[in-house]
Undergrad: 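The following block contains the structure, expressed as structure tokens.
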Amino acid sequence: METDLSSFTAAPETSTEDVAKQTMEALASDRVEVLADERTRQVEHALSQPVER
């Protein structure tokens, strides 16, 4: 979905319909977070990993 923030990038867009569907599914499942695209899910997963020292 294009926003002012995303307008400068050539990254693939997620449709507003898909975001709305994911949001409704999250609400029905009592989830508090919607990660609407694969890249966001990958980043969230990476950030939740232990820090290597």
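What you see is a predicted model; the values in this text were computed from it and never measured.
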Undergrad: Hey, what else clusters with Leu47 if you join Ile, Leu, Val, Met, Phe, Trp, Tyr whenever side-chain heavy atoms sit under 4.5 Å?
TA: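 Same cluster as Leu47: Val43.
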Undergrad: To the nearest 0.5 Å, how far apart are CD in Gln22 and CG in Asp37?
TA: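 It is 8.5 Å, given to the nearest 0.5 Å.
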Undergrad: Apply the hydrophobic cluster definition, ILVMFWY joined by side-chain contacts under 4.5 Å directly or through others, and give me every member besides Met24.
TA: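 Once heavy-atom contacts under 4.5 Å are chained together, Met24 belongs with Leu27.
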Undergrad: Could you report the tightest heavy-atom contact between Thr14 and Ala36, atom names first, then the distance?
TA: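 Where Thr14 meets Ala36 most closely, the heavy atoms are CG2-O, 3.6 Å.
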Undergrad: Compare every heavy atom of Val34 with every heavy atom of Ala26, then report the nearest pair and how far apart it is.
TA: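 Taking every non-hydrogen atom into account, CB-CG2, 3.6 Å.
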Undergrad: May I ask you to decide whether Glu38 forms a salt bridge with Arg41, counting only side-chain N to carboxylate O separations under 4.0 Å?
TA: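 Between Arg41 and Glu38 there is a salt bridge, with a charged N closer than 4.0 Å to a carboxylate O.
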